[in-house]
2 protein chains.
Amino acid sequence: MDQEKNEIEQLCINNIRMLAADMVEKAKSGHPGMPMGAAAMAFVLWTRFLRHNPGNPAWPNRDRFVLSAGHGSSLLYTLLYLTGYDLPLEELQQFRQWGSKTPGHPEFGHTPGVEVTTGPLGQGIANAVGMAIAERYLASYFNRPSYDIVDYYTYVMAGDGDLMEGVSHEAASLAGHLQLGRLICLYDDNRISIEGSTNMAFTEDRAGRFAAYQWHVQRVDDGNDTESLAAAIRAAQAEKERPSIILVRTHIGYGSPNKQDCASAHGEPLGAEEMKLTRETLCWPGEPFHVDGQVGDYFRRAVENGKSLEEKWQKLFDSYAASFPDLADLYRQWLKGQPAAGWDKDIPLFPADEKGLATRAASGTVLNAIAAGLPNLIGGSADLAPSTKTIINGAGDFGPDNYSGRNLRFGVREHAMGSILNGMALAGGLIPYGATFLVFSDYMRPPMRMAAMMGLQVIYVFTHDSIGVGEDGPTHQPIEHLTVLRAIPGLTVIRPADANETAEAWRCAIDQVKGPTAMILTRQNLPTLDRQKVAPAEGLSRGAYILYETPGREPDVLLLATGSEVRLAMAAADQLQDSGIAARVVSMPCWELFEAQPEEYRRQVLPPQIKARVAIEAGLTEGWRRYVGDRGRIIGIDHFGASAPAGILFKEFGFTVENVVVNAMQTLDITPCD
Amino acid sequence: MDQEKNEIEQLCINNIRMLAADMVEKAKSGHPGMPMGAAAMAFVLWTRFLRHNPGNPAWPNRDRFVLSAGHGSSLLYTLLYLTGYDLPLEELQQFRQWGSKTPGHPEFGHTPGVEVTTGPLGQGIANAVGMAIAERYLASYFNRPSYDIVDYYTYVMAGDGDLMEGVSHEAASLAGHLQLGRLICLYDDNRISIEGSTNMAFTEDRAGRFAAYQWHVQRVDDGNDTESLAAAIRAAQAEKERPSIILVRTHIGYGSPNKQDCASAHGEPLGAEEMKLTRETLCWPGEPFHVDGQVGDYFRRAVENGKSLEEKWQKLFDSYAASFPDLADLYRQWLKGQPAAGWDKDIPLFPADEKGLATRAASGTVLNAIAAGLPNLIGGSADLAPSTKTIINGAGDFGPDNYSGRNLRFGVREHAMGSILNGMALAGGLIPYGATFLVFSDYMRPPMRMAAMMGLQVIYVFTHDSIGVGEDGPTHQPIEHLTVLRAIPGLTVIRPADANETAEAWRCAIDQVKGPTAMILTRQNLPTLDRQKVAPAEGLSRGAYILYETPGREPDVLLLATGSEVRLAMAAADQLQDSGIAARVVSMPCWELFEAQPEEYRRQVLPPQIKARVAIEAGLTEGWRRYVGDRGRIIGIDHFGASAPAGILFKEFGFTVENVVVNAMQTLDITPCD
């Protein structure tokens, strides 16, 4: 490499280091070490390989860059600023401050060019796997000979912490299995974590582990050697059938004479004195936030390059659109993130049926009914497809032999599944879904929280939703899970009461393009309500609705229920009626949708003057107090379940018509007769 | 091997198979395939290697057996029955029925000989790692030359699902690092999961992966070859410095002519016809639950063997007790599961201090104060020890060079940490603790649920408990986490308000020997309350207590708060008092402890006639309705946080004295003045 080029590269790399360190110093908090150590690899990737357009972060075929080690956000912001995204230097100076575009960890939707919210470790790797899966599916669906409309790479930068987290194992194993050759991981192997040297806890053979996952593995021993880095990335690109990991030996806090290779460089400012010494070491000017003129020019070439890259792609796309107008239209429509008009025309109407069917079964029927009209609906289960009824029939399995398959086989990997779904949603164009038993939603809580925070359309199908699981016992019986899912801000949780409410739940989930939806479904059969006798299932879209009430009378008592317990409320209403008590049954499948209704509607469904109320749900009583008020009663289960046939459990734990009736009478201050 | 031995072994193995299949068949639900496939390895392990005493499942130095693939419970019950535990054949016939000793998944504390509740996949491997860690620590603490009082092996049987789960990666990587040579994993490599062949999703090189984790790896190609199995287990025992995994190629549903090697053998009864054919294939008598006389005799040798094993050990222990009486006493005391009298004598009293300190810092001080008196208190953090203040100073790191170290370096592996803590608690004698940021409790929810279900004394130290985290932003700020921890039945959640409440929280956690406790601590400083002016911190033990009230008056309004928000309630009470309003401040650090108080006490703290109430907590409002009633008000946060200095966030999100005062006045129907 010639001398001049070497010098400007060094300037660029040091400028990244110093900007990132300045940001942390000014904010008086943050993580300077990672950006300083990883600056060279970031520089090489962003200036020589990454195909992106700073002028249009939404260019659909851009390469994706995921900073899994999200605490290194100042590195990402520095790169975005330098390469000309709409992120001025002033924003770097407002790092971690109220209202700034530069929060402590990268936040999707908040800062132009940030592809994904990261910070909770390990998930970024799985998000990247999701983006790479999306690329293969979209490419397979849309590309035609000479028209590689979709052919982006997904790059992920990950640290020791990411690799220690179990989700990295799950996602990497699956990525190797799926032969995601366009996924490239740069592993920032700095051997320092918060507690100190990784020798304290993390001595596995990382290269061997990824080789075992069927990845292409390379090492770069000097993380500041730009040519070696470039060669490795080139080789990774050349490898078509395996995802690549490059183990890059770096030094945390590189350039800081006293903190380099120390845990103290990880998560706190270097301090004024050490900043001064670092400037000296890196021969850097004294004032903070200095941007070298040459460096600025060098990086800003990305603006022109990006424009030209997108223009070239646009030209290709225009030509493609001429040859394949329908496909091109579809592509545009998918990217809009709105389902095509009429997508729901095949949703079936389930006839009234006392025997009925499990809502998981109804869900499977609905999924298959809508699948043809929504070819961008793609998903699968964590090895529970037959139980969760989430196979799209005839759509094939997604895999190296068939990237147009729509059934994803996640394996028993819930955490990776959740994070991969996020990556797929972030990639654009797809509506991803994932399924497991409700009790195992605990395994994937971290990515569900992120989906909600990012406002991603991801659909969770959680079946086996209560003690109705029966014989599998308490380890498999959700008790607290409705409560803890409802607790995630921005997650819509729907527990339909019968087959037609299940159809409506799918309608809501598909229409809910700005956030995740969890569908909570039974293992056991539920009667399909006779909608001639009760209100239409469309009421579900308002979260809660008057399903039935004693005709011609103001209700004496309100019976609130969700899912499998609605049938108890219905039967109890009948019995109460026989005793001369007017009952109103409110089906309440979704609290979040109900809370979003106008107050007038809410007061109409739950009239404030009616204080006699009973809620019935086979889960924690927690939370229902707000709907039943001080005088109301709640039939729930505040302890773990047991192993026995479901019918016995419901009875033993008080989920009987009799118990609802007794509680209704008590809330009316009536002593039930024997 | 001689013919006769071979024949009786085959009989034994087939008897296991048929009993397990009969159980599932009679229950009309369950998992016959795994027991049928793994019967031979279970037989070899249980009859030739496992040192246990069916007459005393609590013999402390027994080998531990963990069935990580808990759905194969009928295998375990069959082994327990056959080897003479207190589990009669009638219980096998009541498999999965209400009130039986044979629930769908093994439940610790419910069935004699079941070491751990399993079912949620992957965790069993990590539980076993915890048991093996406990063994090393106890051995290191108690053993003396010629006195290997503690030297048990931990065996774990795991399936494909276990190995797919991320927690298996985390735990195995750590086990290799820690060189847990007495941990032996039998991997039931049957290549079938629920969705079908593991080729659909799980094609990694499992042997290579465990080699990368620094494990000793062997293969047994024929899982029915008892001699090869025995040789492999012997070799695993001989390997002292690495944990061992034996990849045993088995066939799910072995013996079933039409279902062997099929997913259909996994999770449902074989069916009457196939049962008949299986009997024919295995040359087995027609009646269900048949136990061959020779088989019974063969297995029941375990009763005598076990007795003699324990007697031999007891003799050794008696001699040890003569030489090391203090150590022997201590060992007995640890195993009792009760802290030694006077353990809490060094808990410090923190002086009143307006500046105060973070409750995480107070926790660190308390931990170190009690550590000397509780040498069986051992734990660590998921790479956040400096932040969570959970290092026991001078106690050394637990590791291959020093198994007497008390500081566990879990690495960034929260899920494994939680499951390992469970294993350590199950091993007996230890009080394990683990720490991370509260927001990352999501990563370890599955094992926390299991700790609660098993009633294990495990202590979680969760710091950085709210938007008080500040600049790290929404990914690191818990919002919903108090709600979702309180939702786990049997988990005690304590959020102390100052340093002295933190000390009391530790007291509760150590005294709470029958279940897990989560301590919720601040990152930021909190004033240390002047206990001359407010009630003593001992009130924490009742869950909620009257911290302060306007002297000499019945309160007009109740202010309920936890943790960092208690200071707001205190300041608001002052201001209200200035306006002539009598306020009572109730510090409410632990709902579970409060709910366990007599009603009289609860009514005394929260008098039902006082309807004007305000609750303040920097978390979801969810759940507080039950304490503030219909008329009360809740100051909480029902959305994700933001990245900015903590002080700004509290202000922006309404956690101010002024807002508490305004809400108090509104609940009293007073319009606050401008």
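What you see below is based on every heavy atom in this structure, not just the backbone, and it leaves out hydrogens, waters and symmetry mates. Here is the naming used below: chain letters follow the sequence lines, and residue numbers restart at 1 for every chain. Keep in mind the model is a prediction, meaning the values are calculated, not measured.
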Leading residue by heavy atom contact count with chain A [cutoff under 4.5 Å; candidates B:Gly208, B:Ser387, B:Pro446, B:Gly70]: B:Pro446

Residue A:Ala642 versus chain B: region with a heavy atom under 4.5 Å: side chain

Proximity breakdown for A:Phe440 and chain B, heavy-atom pairs closer than 4.5 Å: side chain

Toward chain B, the part of A:Met448 with a non-hydrogen atom under 4.5 Å: neither

Main-chain N/O of A:Glu204 paired to B:His177 side chain as donor or acceptor, under 3.5 Å: no

B:Asp638 portion near chain A, given a 4.5 angstrom heavy-atom threshold: backbone

Residue part contacting chain A, namely of B:Gln477, when any heavy atom lies under 4.5 Å: backbone

Selection from A:Gly623, A:Gly473, A:Pro120, A:Gly629 maximising heavy-atom pairs under 4.5 Å formed with chain B: A:Pro120

Part of B:Thr118 within contact of chain A (heavy atom distance under 4.5 Å): backbone

B:Trp215 portion near chain A, given a 4.5 angstrom heavy-atom threshold: neither

Per-residue contact mode, B:Ala263 against chain A (heavy atom under 4.5 angstrom): neither

For A:Met164 against B:Gly411, the heavy-atom pair lying closest together: SD-CA, 3.7 Å

Residue, of B:Ser381, B:Ala416, B:Ala172, that accumulates the most heavy atom pairs under 4.5 Å with chain A: B:Ser381

Test: A:Arg625 and B:Asp630 ion pair at under 4.0 Å: no

Residue part contacting chain B, namely of A:Leu620, when any heavy atom lies under 4.5 Å: side chain

A:Ser193 portion near chain B, given a 4.5 angstrom heavy-atom threshold: both

Contact origin within A:Ser173 toward chain B - heavy atom pairs under 4.5 Å: both

Proximity breakdown for A:Gln214 and chain B, heavy-atom pairs closer than 4.5 Å: side chain

Which of A:Gln97, A:Arg206, A:Arg486, A:Met200 touches chain B most, by non-hydrogen pairs under 4.5 Å: A:Met200

Value rounded to 0.5 Å, distance of NE2 in A:His71 from NE2 in B:His476: 8.5 Å

Part of B:Asp162 lying under 4.5 Å from any heavy atom of chain A: neither

Residue list, ring pair (Phe, Tyr, Trp, His ring centres under 6.0 Å) with A:His481, at least two apart or on another chain: none

Sidechain-backbone polar pair: A:Asp442 side chain, B:Arg445 backbone, donor-acceptor under 3.5 Å: no

A:Ser643 side chain to B:Pro103 backbone, donor-acceptor under 3.5 Å: no

Contacting region of B:Leu163 [heavy-atom separation from chain A under 4.5 Å]: backbone

B:Gly119 versus A:Thr475, closest heavy-atom pair with distance: CA-OG1, 4.5 Å

Top of A:Tyr213, A:Phe210, A:Phe95 for chain B proximity - count of heavy-atom pairs under 4.5 angstrom: A:Tyr213

Residue, of B:Val484, B:Asp472, B:Thr483, that accumulates the most heavy atom pairs under 4.5 Å with chain A: B:Asp472

A:Asp383 side chain to B:Ile194 backbone, donor-acceptor under 3.5 Å: yes

Partner chain A: residue of B:Gly104, B:Pro489, B:Ala487 with the largest heavy-atom pair count (under 4.5 Å): B:Pro489

Max heavy-atom pair count under 4.5 Å with chain A, selected residue of B:Val167, B:Leu649, B:Leu408, B:Asp205: B:Asp205

Proximity breakdown for B:Ile648 and chain A, heavy-atom pairs closer than 4.5 Å: side chain

Portion of A:Arg449 that has a non-hydrogen atom of chain B nearer than 4.5 angstrom: both

Engaged part of B:Ser29 at the chain A interface, taking heavy atoms whose separation is under 4.5 Å: side chain

Atom pair CG/CD of A:Leu485 and B:Glu480 - distance to nearest 0.5 Å: 10.5 Å

Heavy-atom proximity to chain A below 4.5 Å, by part of B:Met450: side chain

Largest heavy-atom contact set with chain B, pairs under 4.5 Å, which of A:Arg209, A:Lys28, A:Met444: A:Arg209

Whether B:His169 and A:His169 hold their rings parallel, tilted or perpendicular, with breakpoints at 30° and 60°: parallel

Chain A contact via B:His415 - side chain, backbone, both or neither, heavy atoms under 4.5 Å: side chain

A:Trp591 CH2 to B:Glu622 CD distance, which is reported to the nearest 0.5 Å: 5.5 Å

Nearest-0.5 Å distance that lies between atom CZ in B:Arg626 and atom CZ in A:Arg626: 14.0 Å

Check: B:Glu195 side chain, A:Ala385 main-chain N or O, donor-acceptor pair, under 3.5 Å: yes

Side chain proximity check, B:Pro645 to A:Arg96, heavy atoms < 4.5 angstrom: no

Proximity breakdown for A:Leu121 and chain B, heavy-atom pairs closer than 4.5 Å: both

N/O donor-acceptor pair under 3.5 Å between B:Glu170 side chain and A:Gly166 backbone: yes

Minimum heavy-atom distance between A:Val412 and B:Gly161, given as atom pair plus value: CG2-CA, 3.8 Å

Chain B contact via A:Asp160 - which portion, at a heavy-atom distance below 4.5 Å: neither

Residues which pass side chain to side chain contact (heavy atoms under 4.5 Å, CB included) with B:Pro474, listed by chain and number, not counting sequence neighbours: A:Glu107, A:Met453, B:Phe640

Leading residue by heavy atom contact count with chain A [cutoff under 4.5 Å; candidates B:Gln94, B:Glu165, B:His31]: B:Glu165

